[in-house]
Amino acid sequence: LNGSTSFADTITATGTVTHNLGTEDVIVQLYDVTTLDTVYADIDRTSVNAVTVTFGSTPTNSIRVLVQKIG
(Lines give C-alpha, C1' and ligand atoms only; values in the text may rest on other atoms or scores of the structure.)
Protein backbone atom coordinates (compact mmCIF):
# COMPACT_ATOMS: atom_id res chain seq x y z
CA LEU A 1 0.00 0.00 0.00
CA ASN A 2 1.38 3.36 -1.04
CA GLY A 3 1.42 5.81 1.89
CA SER A 4 2.07 8.94 -0.20
CA THR A 5 -0.73 11.46 -0.57
CA SER A 6 0.86 13.97 -2.94
CA PHE A 7 3.30 14.26 -5.83
CA ALA A 8 4.89 17.14 -7.73
CA ASP A 9 6.78 17.28 -11.03
CA THR A 10 7.79 19.90 -13.61
CA ILE A 11 7.02 19.46 -17.32
CA THR A 12 7.61 21.59 -20.41
CA ALA A 13 5.05 20.15 -22.84
CA THR A 14 2.19 17.67 -23.19
CA GLY A 15 3.09 14.37 -21.58
CA THR A 16 2.47 11.67 -19.01
CA VAL A 17 3.14 12.26 -15.33
CA THR A 18 3.63 9.14 -13.22
CA HIS A 19 2.56 9.92 -9.66
CA ASN A 20 2.41 6.34 -8.24
CA LEU A 21 -0.37 7.27 -5.78
CA GLY A 22 -2.28 4.07 -6.53
CA THR A 23 -5.68 5.65 -7.27
CA GLU A 24 -7.60 7.49 -9.96
CA ASP A 25 -9.09 9.70 -7.20
CA VAL A 26 -6.61 12.55 -7.61
CA ILE A 27 -6.83 16.30 -8.05
CA VAL A 28 -4.32 17.82 -10.47
CA GLN A 29 -3.35 21.49 -10.44
CA LEU A 30 -0.90 23.17 -12.81
CA TYR A 31 1.00 26.44 -12.53
CA ASP A 32 3.58 28.36 -14.54
CA VAL A 33 6.90 28.30 -12.63
CA THR A 34 7.86 31.77 -13.86
CA THR A 35 4.62 33.75 -13.50
CA LEU A 36 3.08 31.49 -10.79
CA ASP A 37 -0.25 31.72 -12.69
CA THR A 38 -2.58 28.74 -12.70
CA VAL A 39 -2.50 26.91 -16.05
CA TYR A 40 -5.40 24.94 -17.53
CA ALA A 41 -5.01 21.78 -19.60
CA ASP A 42 -6.83 18.53 -20.33
CA ILE A 43 -6.06 15.90 -17.70
CA ASP A 44 -6.69 12.22 -18.43
CA ARG A 45 -6.36 9.64 -15.67
CA THR A 46 -4.67 6.90 -17.69
CA SER A 47 -4.13 4.50 -14.77
CA VAL A 48 -4.11 4.45 -10.97
CA ASN A 49 -0.51 5.68 -11.14
CA ALA A 50 -0.44 8.18 -14.01
CA VAL A 51 -2.15 11.14 -15.65
CA THR A 52 -1.64 12.63 -19.09
CA VAL A 53 -1.49 16.42 -19.32
CA THR A 54 -2.43 17.86 -22.73
CA PHE A 55 -1.98 21.54 -23.55
CA GLY A 56 -3.81 23.33 -26.37
CA SER A 57 -0.46 24.88 -27.26
CA THR A 58 2.99 24.27 -25.81
CA PRO A 59 3.55 26.51 -22.77
CA THR A 60 6.20 29.22 -22.93
CA ASN A 61 7.53 28.39 -19.46
CA SER A 62 7.90 25.17 -17.46
CA ILE A 63 4.74 23.97 -15.73
CA ARG A 64 4.62 22.57 -12.21
CA VAL A 65 2.21 19.65 -11.84
CA LEU A 66 0.75 19.08 -8.37
CA VAL A 67 -1.14 15.81 -7.79
CA GLN A 68 -3.07 15.17 -4.58
CA LYS A 69 -4.69 11.87 -3.60
CA ILE A 70 -8.27 12.19 -2.36
CA GLY A 71 -9.74 9.75 0.16
Side-chain angles (χ1 to χ4, degrees):
L1 182 65
N2 186 333
S4 298
T5 60
S6 62
F7 176 84
D9 195 8
T10 303
I11 61 175
T12 57
T14 291
T16 298
V17 175
T18 303
H19 54 72
N20 289 323
L21 295 176
T23 182
E24 292 170 341
D25 294 339
V26 295
I27 293 176
V28 180
Q29 184 176 22
L30 311 171
Y31 73 90
D32 182 305
V33 299
T34 302
T35 66
L36 303 180
D37 290 336
T38 298
V39 174
Y40 297 95
D42 289 327
I43 306 294
D44 293 315
R45 289 158 179 83
T46 54
S47 75
V48 297
N49 291 315
V51 296
T52 298
V53 179
T54 305
F55 298 100
S57 60
T58 302
T60 303
N61 302 317
S62 294
I63 303 299
R64 192 74 172 153
V65 180
L66 308 174
V67 183
Q68 183 175 15
K69 180 178 178 178
I70 303 302

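Since we're looking at a predicted model, the values are computed, not measured. Values below: all heavy atoms of this structure, side chains included; hydrogens, waters and symmetry mates excluded.
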Same apolar cluster: Ile11 and Tyr31, side chain cutoff 4.5 Å = no
Compare every heavy atom of Pro59 with every heavy atom of Ala13, then report the nearest pair and how far apart it is.
-> CA-CD, 4.4 Å
Check side chain to side chain contact (heavy atoms under 4.5 Å, CB included) between Thr60 and all other residues, then give those that pass, not counting sequence neighbours.
-> none
May I ask whether Val65 and Ile43 are part of the same hydrophobic cluster, defined by side-chain heavy atoms of I, L, V, M, F, W, Y residues being less than 4.5 angstrom apart, directly or through others?
-> yes
Could you walk me through whether Leu21 and Val26 pass side chain to side chain contact (heavy atoms under 4.5 Å, CB included), step by step?
-> CA-CA 8 Å; Leu21 295 176; Val26 295; 4.2 Å; yes
What residues form a side chain to side chain contact (heavy atoms under 4.5 Å, CB included) with Ser6, not counting sequence neighbours?
-> none
Distance from Ile27 atom CD1 to Lys69 atom NZ, nearest 0.5 Å?
-> 13.5 Å
With sequence neighbours excluded, tell me which residues meet side-chain hydrogen bond (donor to acceptor under 3.5 Å, both in side chains) with Asp42.
-> none
Between the CG atom in Leu30 and the CD1 atom in Ile63, the distance rounded to the nearest 0.5 Å is 7.0 Å
Can you see which heavy atom on Thr18 is nearest to which on Phe7, and at what distance?
-> O-CZ, 3.3 Å
With rounding to the nearest 0.5 Å, note down the distance linking CD1 in Ile70 to CD in Glu24.
-> 14.0 Å
Got a sec, which residues hit side chain to side chain contact (heavy atoms under 4.5 Å, CB included) with Asn61, two or more places apart in sequence or on another chain?
-> Asp32, Thr34, Thr35
Taking only residues two or more places apart in sequence or in another chain, which ones pass side-chain hydrogen bond (donor to acceptor under 3.5 Å, both in side chains) with Thr10?
-> Arg64
Spacing of CG belonging to Asp25 relative to CD belonging to Gln68, to within rounding of 0.5 Å = 12.0 Å
If two hydrophobic side chains count as joined below 4.5 Å and joins carry through other members, does Val17 share a cluster with Phe55?
-> yes
Quick one: side chain to side chain contact (heavy atoms under 4.5 Å, CB included) partners of Gln29, sequence neighbours excluded?
-> Thr38, Leu66
